[in-house]
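Please find one structure pasted underneath; my questions will follow.
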Amino acid sequence: MYQSHYFLKTQYSAPKNEVSRNAQLLEQAGFISKLMAGVYTFLPMGWRVLKKIEGIIRVEMNKAGGQELNMPALHPIENYITTGRQDIDIIFHLQSKSEKKMVLGQSHEEIIVPLVKKYLTSYRDLPLYLYQIQTKFRDELRAKSGILRTREFIMKDLYSFHAEQSDFEKYYSKMKKSYSNIMNDVGLGNITYLTAASGGTFSKYSHEFQTVTENGEDTIHLCRNCKTAVNDEIFDKKNSCPECGNKEMEKKKSIEVGNIFPLQSNFSDKFHLTFTDKQGKQRPVIMGCYGIGLGRLMGAVTEIHNDKDGILWPKSLTPWQVHLLSLGNDESLDIEAKKTYEILKKNNIEVLYDDRQESAGKKLKDADLIGIPIRLVVSNKTKSSIEIKYRNKSSAKLQSLSQVTKEVKEYYQ
RNA sequence: CGGGGAGUGGCGCAGUGGUAGCGCACUCGCUUUGGGAGCGAGGGGUCGCAGGUUCAAAUCCUGUCUCCCCGACCA
């Protein structure tokens, strides 16, 4: 991609109306743009990052047997009357000109349970795992912290259906593993903890994945011993770890990047979702649900991976794999840079090529701000070779084009 | 929803009653290119919105909307 034609403008300073680090960086660097409080546009470069997150999640969900579908965001109010959730305060209510009352989906239990009821009849149909990656709406009283808490966001929500409690429990554990794989893949593995949490309206308990950071909006109590945590909302005064009994729990601020719930038969009961077992008896389906907010995950990654000059994307999420800069305006440089660009592209490397008529300083500053892991420079100083520098290192080295290509491919393998 | 702060060109800001300004960005020209270049010439704003006071309002008064932060809330 030629940067001179890319819908990307960085800003000299962080937006004054944002205080949170993620919003400052992502807006200044041209990843997102705010429409109103808690509602953001993902600009082309931000959308690429989001798509990479989506891809990582999709791989894990498919590995866990998930089948992807897509459910509507417009829901009939009747389904919420059935579950008694029509009045929960985060729901956006709508009324059609035809007088029909609807709500905007904030989660999809009310939709997927009746859907599954239509097709599921026998124990032979179980277990079943369905998921989607789709837009949710929540009328938060106060949107805040940039893209960490928004009113419209893309979420992966998977719902599992089981005949037996034991089967559910096995899958619930499997999902914990899938979630920690995802956290590892997006570069949050070593600071994200499985956290015991409250269950909400339809569940006795739940588990969250909490990323520890000063700028978090949640509070957890962390056990260094078994690498798990307890959410402050259910933290016991006895002050010990429920997993291993460790008394030395550390209080930390954190961001909730994922949440999984045992729903038991709460929703199945409301919609009479049952199956016929081997003995020919009708029994309620046992359910679980498993959510991850994609934008919030992107915000959390930004909060963690940055320095005074800008963002440092993990290799799995970077919008482009290399940022190629040409410094100087000689025609020979231009030819050299274009050749480099073409060769990298031929090797299936994603290249953002800064071909703009800008000063060297501006290009270098922008590259740091945007935060692509590998920066390549072609200039009068590099002569016929290419400078390669990693965003997280201060030193650079000169290499031939073929060496550079090889090194980049190996880095992203 | 309670408390606090803020709305003036795309971005960041100054301007306390008398013709709307500055820096960056943008356009044109020339020179420049390893850490946000220089000189010259330009374009762009009903000062969030609505009322009111006044000869005169970005500025004073009233109302209202929006944004940010703290709290409450948070399937």
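Values in this document were obtained by computation on a predicted structure and should not be read as measured data. Proteins come first, then strands; the chains are lettered A, B, ... in the order of their sequence lines, and each starts at number 1.
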Inset, instruction - Pick the C1' atom in B:U46 and in B:U8, then give their distance to the nearest Å. - result: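 So the two C1' atoms sit 12 Å from each other.
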Inset, instruction - Measure from the side chain of A:V19, starting at C-beta and using heavy atoms only, and say which of B:U33, B:C68, B:G12 lies closest. - result: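 The answer is B:C68, which lies nearest to the side chain.
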Inset, instruction - Check every strand shown and say whether A:L263 touches a base, only sugar-phosphate, or nothing at a heavy-atom separation below 4.0 Å. - result: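 Base contact - A:L263 has a heavy atom under 4.0 Å of at least one base atom.
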Inset, instruction - Classify the ring geometry between A:H207 and A:Y205 as parallel (under 30°), tilted (30 to 60°) or perpendicular (over 60°). - result: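 Perpendicular, since the angle between the ring planes exceeds 60°.
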Legend entry - Steps toward side chain to side chain contact (heavy atoms under 4.5 Å, CB included) verdict (A:Y179, A:E208): CA-CA 10 Å; A:Y179 272 47; A:E208 297 165 341; over 6 Å; no
Legend entry - Nucleotide paired to B:U54 in any strand shown, Watson-Crick or G-U, under 3.5 Å: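 Looking at the geometry, B:U54 pairs with no nucleotide.
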Inset, instruction - May I ask which nucleotide in the shown strands pairs with B:G9, Watson-Crick or G-U wobble, both distances under 3.5 Å? - result: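 Check on B:G9: unpaired, no WC or wobble geometry under 3.5 Å.
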Inset, instruction - Please figure out whether A:P15 or A:S198 has its closest RNA chain B nucleotide nearer the 5' end. - result: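 Checking each residue's closest nucleotide, the 5'-ward one belongs to A:P15.
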Legend entry - Backbone N/O of A:D185 and side chain of A:S316: donor-acceptor pair under 3.5 Å: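 Yes: the side chain of A:S316 pairs with the backbone of A:D185.
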Inset, instruction - Quickly work out the A:K308 NZ to B:G35 P distance and round it to whole Å. - result: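 Going from NZ in A:K308 over to P in B:G35 covers 14 Å.
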Inset, instruction - Using the P atom as the reference point in each nucleotide, state the distance between B:G18 and B:C24 in Å, no decimals. - result: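 Approximately 28 Å lies between the P atom of B:G18 and that of B:C24.
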Legend entry - Sugar-phosphate, base or nothing in reach of A:S203, heavy atoms under 4.0 Å: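 The answer is base, as A:S203 lies within the cut-off (heavy atoms under 4.0 Å) of a base atom.
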Inset, instruction - Anything under 30° is parallel, anything over 60° is perpendicular, the rest tilted; go ahead and classify A:H108 against A:H75. - result: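 The rings of A:H108 and A:H75 stand perpendicular, inter-plane angle above 60°.
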Inset, instruction - Report which part of the nucleic acid A:Q28 touches: base, sugar-phosphate, or nothing (heavy-atom distance under 4.0 Å, all strands). - result: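 The residue A:Q28 makes base contact.
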Dump the pairs, protein N or O against N or O of nucleotides 70-73 of chain B, anything under 3.5 Å, distances to one decimal.
unit_1, atom_1, unit_2, atom_2, d
B:C70, OP2, A:R142, NH2, 2.6
B:G71, N7, A:R142, NH1, 3.2

Inset, instruction - Calculate the interatomic distance between A:N259 atom CG and B:A75 atom C1'; express it in whole Å. - result: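 The answer, rounded to whole Å, is 7 Å.
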Legend entry - A:L297/A:L188 under side chain to side chain contact (heavy atoms under 4.5 Å, CB included): CA gap, chis, key distance, verdict: CA-CA 9 Å; A:L297 195 55; A:L188 296 177; 3.7 Å; yes
Inset, instruction - Would you mind telling me which residue lines up with the more 5' stretch of RNA chain B, A:D309 or A:A37, judged by nearest nucleotide? - result: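 Counting from the 5' end, the first nearest nucleotide belongs to A:D309.
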Inset, instruction - Take atom C1' in B:C1 and the same atom in B:G17, then report the distance between them in whole Å. - result: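 Here B:C1 and B:G17 have their C1' atoms 38 Å from each other.
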Legend entry - Distance-only polar pair, side chains of A:E243 and A:T228, donor-acceptor under 3.5 Å: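 No, A:T228 and A:E243 have no side-chain donor paired with an acceptor closer than 3.5 Å.
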Inset, instruction - Would you classify A:G199 as touching base, sugar-phosphate or nothing, given that sugar-phosphate means primed atoms plus P, OP1 and OP2, and contacts are heavy atoms under 4.0 Å? - result: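 Counting heavy atoms under 4.0 Å across all strands, the contact made by A:G199 includes a base.
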Legend entry - Complementary nucleotide for B:G44 - Watson-Crick or wobble, under 3.5 Å: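 Paired with no nucleotide.
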Inset, instruction - Measure from CG on A:L327 to P on B:G36 and round the result to the nearest Å. - result: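 Checked: the CG to P distance equals 12 Å.
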Inset, instruction - Give a yes or no on whether the backbone of A:Y12 and the side-chain of A:Q28 come within a donor-acceptor separation of less than 3.5 Å. - result: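 Checking the backbone N and O of A:Y12 against the side chain of A:Q28, a donor-acceptor pair under 3.5 Å is found.
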Inset, instruction - For B:C73, give its Watson-Crick or G-U wobble partner with both distances under 3.5 Å, or none. - result: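 Check on B:C73: unpaired, no WC or wobble geometry under 3.5 Å.
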Legend entry - Sugar-phosphate only, base, or nothing, as touched by A:K16 at under 4.0 Å among non-hydrogen atoms: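 Sugar-phosphate, backbone atoms only, no base.
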Legend entry - No-H, no-angle donor-acceptor pair, A:N17 side chain to B:G7 base, under 3.5 Å: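 For A:N17, whose side chain was compared with the base of B:G7, there is no donor-acceptor pair (under 3.5 Å).
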Inset, instruction - Go through the side-chain N and O atoms of A:T382 and A:E387 and say whether any donor and acceptor fall under 3.5 Å apart. - result: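 No, because no side-chain N or O of A:T382 sits under 3.5 Å from a partner of the opposite role on A:E387.
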Legend entry - Base-pairing mate for B:C39 - Watson-Crick or G-U, with both contacts under 3.5 Å: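 B:C39 is paired, partner B:G29.
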Just the table, please: protein N/O against nucleotides 37-44 of chain B N/O, every pair under 3.5 Å.
unit_1, atom_1, unit_2, atom_2, d
B:A37, OP1, A:S359, OG, 3.1
B:A37, OP2, A:S359, OG, 2.8

Legend entry - Side chain A:D366 and base B:G36 donor-acceptor under 3.5 Å: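 Yes, a donor-acceptor pair under 3.5 Å.
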Inset, instruction - Choose from B:G35, B:C24, B:G34 the nucleotide whose nearest atom is closest to any side-chain atom of A:E387. - result: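 Closest nucleotide to the A:E387 side chain: B:G34.
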Inset, instruction - Just say parallel, tilted or perpendicular for the rings of A:Y390 and A:Y411, cut-offs at 30° and 60°. - result: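 Tilted, since the angle between the ring planes falls between 30° and 60°.
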Inset, instruction - Provide, to the nearest angstrom, the distance between the CG atom belonging to A:D139 and the C1' atom belonging to B:A75. - result: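 Those two atoms, CG and C1', are 15 Å apart.
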Legend entry - P spacing across the pair B:G36 / B:G21, given as an integer number of angstrom: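 Those two atoms are separated by 31 Å.
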Legend entry - Cation over ring face, A:K156 and A:Y131, 6.0 Å, 45°: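 Ring-cation test returns no.
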Legend entry - Separation of the C1' atoms in B:U19 and B:U59, to the nearest angstrom: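 Going atom to atom, C1' in each nucleotide, I get 15 Å.
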Inset, instruction - Would you classify A:N380 as touching base, sugar-phosphate or nothing, given that sugar-phosphate means primed atoms plus P, OP1 and OP2, and contacts are heavy atoms under 4.0 Å? - result: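 Since no nucleic acid heavy atom lies under 4.0 Å of A:N380, the category is nothing.
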Inset, instruction - Identify whether any heavy atom of A:Y290 sits under 4.0 Å from a base atom; if not, whether one sits that close to sugar-phosphate; answer base, sugar-phosphate or nothing. - result: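 It contacts nothing in the nucleic acid.
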Legend entry - N/O donor-acceptor pair, side chain A:R85 with base B:A75, under 3.5 angstrom: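 Answer is yes: a donor-acceptor pair is held.
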Legend entry - Geometric class of the A:F137/A:F92 ring pair [parallel <30°, tilted 30-60°, perpendicular >60°]: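 Correct class here is perpendicular.
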Legend entry - Spacing of A:L35 atom CG relative to B:C67 atom P, expressed in whole Å: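 Answer to the nearest Å: 10 Å.
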Inset, instruction - Give A:K363 one of three labels, base, sugar-phosphate or nothing, depending on what nucleic acid heavy atoms sit under 4.0 Å from its own. - result: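 The answer is nothing, as A:K363 stays clear of every strand by at least 4.0 Å.
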Legend entry - Spacing of A:L148 atom CG relative to B:C68 atom C1', expressed in whole Å: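 Going from CG in A:L148 over to C1' in B:C68 covers 15 Å.
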Legend entry - Touch class at under 4.0 angstrom, heavy-atom based, for A:I90 against every strand present: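 Sugar-phosphate: the residue A:I90, judged by heavy atoms under 4.0 Å, touches backbone atoms but no base.
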Legend entry - Pair partner, B:U16 [Watson-Crick or wobble, under 3.5 Å]: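 Check on B:U16: unpaired, no WC or wobble geometry under 3.5 Å.
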Inset, instruction - Check whether the side chains of A:D366 and A:T10 place a donor and an acceptor atom closer than 3.5 Å, and report yes or no. - result: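 Side-chain D/A pair, A:D366 to A:T10: present.
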Inset, instruction - Please evaluate the base of B:G12 for a donor-acceptor partner in the side chain of A:Q11 within a cut-off of under 3.5 Å? - result: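 No, no donor-acceptor pair under 3.5 Å.
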Legend entry - B:U66 to B:C30 separation - C1' atoms, rounded to the nearest Å: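 These two C1' atoms come out 45 Å apart once rounded.
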Legend entry - Pairwise C1' distance, B:A57 and B:A50 [rounded to whole Å]: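 So the two C1' atoms sit 15 Å from each other.
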Inset, instruction - Assign A:R356 to base, sugar-phosphate, or nothing according to its heavy-atom contacts below 4.0 angstrom with the strands shown. - result: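 Touches nothing.
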Inset, instruction - State whether A:W320 and A:R48 meet the cation-pi test: NZ (Lys) or CZ (Arg) under 6.0 Å from the six-membered ring centroid, and within 45° of the perpendicular axis. - result: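 Yes, a cation-pi geometry holds between A:R48 and A:W320.
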Inset, instruction - Specify the separation, in whole Å, of atom CG of A:L333 and atom P of B:U32. - result: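 Spelled out: CG on A:L333 to P on B:U32 is 15 Å.
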Legend entry - Euclidean distance for C1', B:C69 against B:G10 (whole angstrom):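 Here B:C69 and B:G10 have their C1' atoms 25 Å from each other.
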Inset, instruction - Using atom NZ of A:K34 as one end and atom C1' of B:C11 as the other, report the distance to the nearest whole Å. - result: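 Atom-to-atom, A:K34 to B:C11, this comes out as 14 Å.
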